[in-house]
Peer 1: 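I have a structure I would like to understand better, so I am pasting it below and will then ask my questions one at a time.
Everything numeric in this text was worked out from a predicted model, so none of it was measured.
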Amino acid sequence: MHYLLLSFALLLPGIAQAQTHDHEHANNSLDAHVHGEAGLDVALEGKQLELQLHSPAMNLAGFERAPANAREQARLNAVRDFLTQPEKVFTLPAEAGCALEREAVSSELFGVAAGDEDHLALHDEASEAVPADDHHDIHAYYQFTCAKPQALRSIDLRNLFRHYPGLQELDVQLIGPRGQKGQTLN
């Protein structure tokens, strides 16, 4: 069974330890395109919480090339629809009072990006740099304003893992007022 509750151990004081593997990260995103693995960057600054998910399309759609038929197109559309509803992807503590301000989901496979075009413009250069080897990624970005950020003690990611069993390991980079921490959830 996966332990899927991400602890904000270094972000806020007085938080219980999560059963994860802690390690240092060289940067904020995945170093390589690896099937079964994805990355989640979480940043808390003041009342603003940002989450960015980066995953090979294989983990979520079951393929990472242009859809070959209507069934694959429907599966890809379902991935996009799921990710554009952050309340389905993860659960934040209700007592934190977090309200979604912006969301954006992008992939070369989607054709037309869903969500916030200003944020997605940041991925334009990366999208153009993707080689024609049919190894495409999916990116999701979420920005929240939280009334009580001190109540952000965890992020429940069970829905993400339940919905996408091809996702086996999530490398998480947490950045907050007390520093930076890396965790691997598996």
Side-chain angles (χ1 to χ4, degrees), residues 1-6 18 20-21 25 27-43 49-92 100 102-117 119-144 154-174 182-186:
M1 176 95 183
H2 299 285
Y3 187 86
L4 304 174
L5 202 57
L6 173 62
T20 60
H21 172 71
H25 287 268
N27 58 44
N28 291 6
S29 62
L30 290 175
D31 292 335
H33 177 102
V34 179
H35 297 171
E37 295 181 14
L40 178 66
D41 299 328
V42 181
L49 174 67
E50 294 186 9
L51 295 98
Q52 293 186 49
L53 176 68
H54 319 278
S55 177
M58 178 64 79
N59 299 342
L60 307 176
F63 58 92
E64 54 188 1
R65 52 165 167 62
N69 54 47
R71 183 185 313 152
E72 286 185 354
Q73 183 61 55
R75 190 176 322 154
L76 192 58
N77 291 344
V79 169
R80 184 184 58 221
D81 293 346
F82 180 84
L83 293 175
T84 59
Q85 300 175 65
E87 69 280 3
K88 289 185 176 182
V89 180
F90 51 83
T91 304
L92 299 173
L100 182 66
R102 294 168 58 177
E103 63 86 11
V105 177
S106 67
S107 175
E108 302 82 14
L109 299 176
F110 294 149
V112 177
D116 180 15
E117 286 74 19
H119 181 78
L120 292 176
L122 298 175
H123 292 290
D124 282 348
E125 289 179 27
S127 297
E128 291 171 9
V130 173
D133 63 1
D134 292 332
H135 292 283
H136 296 287
D137 294 329
I138 295 175
H139 305 276
Y141 169 81
Y142 311 97
Q143 178 184 359
F144 296 87
S154 63
I155 299 175
D156 186 336
L157 299 164
R158 284 179 283 203
N159 286 340
L160 179 63
F161 279 90
R162 281 183 193 142
H163 214 81
Y164 298 107
L167 177 60
Q168 298 175 4
E169 186 171 290
L170 189 61
D171 292 323
V172 182
Q173 181 72 29
L174 299 166
Q183 296 181 333
T184 298
L185 302 179
N186 55 23

Peer 1: Below 4.5 Å, heavy atoms only, C-beta onward: do Phe144 and Pro86 meet side chain to side chain?
Peer 2: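 Yes, at least one pair of side-chain atoms sits under 4.5 Å.
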
Peer 1: Determine, stepwise, if the pair Leu40 / Leu185 fulfils side-chain contact (heavy atoms from CB on, under 4.5 Å).
Peer 2: CA-CA 10 Å; Leu40 178 66; Leu185 302 179; over 6 Å; no

Peer 1: Considering non-hydrogen atoms only, spot the tightest contact between Ala38 and Leu167 and give its length.
Peer 2: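 Answer, listing the atom of Ala38 first, then Leu167: CB-CD1, 3.4 Å.
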
Peer 1: Under 3.5 Å, is there a donor-acceptor pair linking the side chains of His135 and Glu64?
Peer 2: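 Looking only at side-chain atoms, Glu64 and His135 do form a donor-acceptor pair, the distance falling under 3.5 Å.
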
Peer 1: Considering only heavy atoms from C-beta outward, does the side chain of Thr184 approach that of Glu169 to under 4.5 Å?
Peer 2: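 Yes, their side chains come closer than 4.5 Å.
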
Peer 1: Is there a side-chain contact between Leu51 and Val89, using heavy atoms and a 4.5 Å cut-off?
Peer 2: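 Heavy-atom side-chain distance check fails, nothing below 4.5 Å.
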
Peer 1: With a 4.5 Å heavy-atom cut-off, do Arg65 and Glu72 have their side chains touching?
Peer 2: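 Result yes, sub-4.5 Å side-chain heavy-atom pair found.
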
Peer 1: Using 0.5 Å steps for rounding, measure from the CE atom of Met58 to the NE2 atom of His35.
Peer 2: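 Answer for the CE-NE2 pair, Met58 versus His35, is 4.5 Å.
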
Peer 1: Report yes or no: does Asn59 contribute a side-chain atom to a donor-acceptor pair with the main-chain N or O of Glu37 at less than 3.5 Å?
Peer 2: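 Such a contact is found between Asn59 side chain and Glu37 backbone.
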
Peer 1: Working to the nearest 0.5 Å, report the span between CZ of Arg80 and OG of Ser106.
Peer 2: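 Between atom CZ of Arg80 and atom OG of Ser106 there are 11.5 Å.
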
Peer 1: Side-chain contact, heavy-atom cut-off 4.5 Å: Leu170 with Leu53?
Peer 2: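 Result yes, sub-4.5 Å side-chain heavy-atom pair found.
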
Peer 1: Using every non-hydrogen atom in the two residues, find where Asn159 and Thr91 come nearest and quote the distance to one decimal.
Peer 2: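 Taking every non-hydrogen atom into account, ND2-OG1, 4.4 Å.
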
Peer 1: Is there side-chain contact between Tyr141 and Asp41, with heavy atoms separated by less than 4.5 Å?
Peer 2: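 Result no, sub-4.5 Å side-chain heavy-atom pair not found.
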
Peer 1: So which heavy atom on Lys88 is nearest to which on Phe82, and how close?
Peer 2: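 Nearest heavy atoms, Lys88 then Phe82: O-CZ, 3.3 Å.
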
Peer 1: Test your reading of the model: is there a side-chain donor-acceptor pair from Asp156 to the backbone of Phe90, 3.5 Å cut-off?
Peer 2: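 Checking the backbone N and O of Phe90 against the side chain of Asp156, no donor-acceptor pair under 3.5 Å is found.
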
Peer 1: Side chains of Asn77 and Gln73: donor-acceptor distance under 3.5 Å anywhere?
Peer 2: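 Per modelled atom types, Asn77 and Gln73 side chains form a pair under 3.5 Å.
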
Peer 1: Find the distance between CD (Gln173) and CD (Gln183) and round it off to the nearest 0.5 Å.
Peer 2: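 Separation between the atoms: 10.0 Å.
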
Peer 1: Using 0.5 Å steps for rounding, measure from the CD atom of Glu50 to the CZ atom of Arg102.
Peer 2: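 It is 7.5 Å, given to the nearest 0.5 Å.
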
Peer 1: Going through the distances and angles, do His54 and Asp137 end up as a side-chain contact (heavy atoms from CB on, under 4.5 Å)?
Peer 2: CA-CA 7 Å; His54 319 278; Asp137 294 329; over 6 Å; no

Peer 1: Is any side-chain heavy atom of Phe110 closer than 4.5 Å to one of Ile138?
Peer 2: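 Of all side-chain heavy-atom pairs linking Phe110 with Ile138, at least one is under 4.5 Å.
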
Peer 1: Please report the interatomic distance OH(Tyr142) to CD(Gln85), rounded to the nearest 0.5 Å.
Peer 2: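 The distance works out to 9.5 Å.
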
Peer 1: Could you check if a side-chain atom of Leu92 sits within less than 4.5 angstrom of a side-chain atom of Ile155, using non-hydrogen atoms only?
Peer 2: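 Yes; the side chains approach each other to less than 4.5 Å.
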
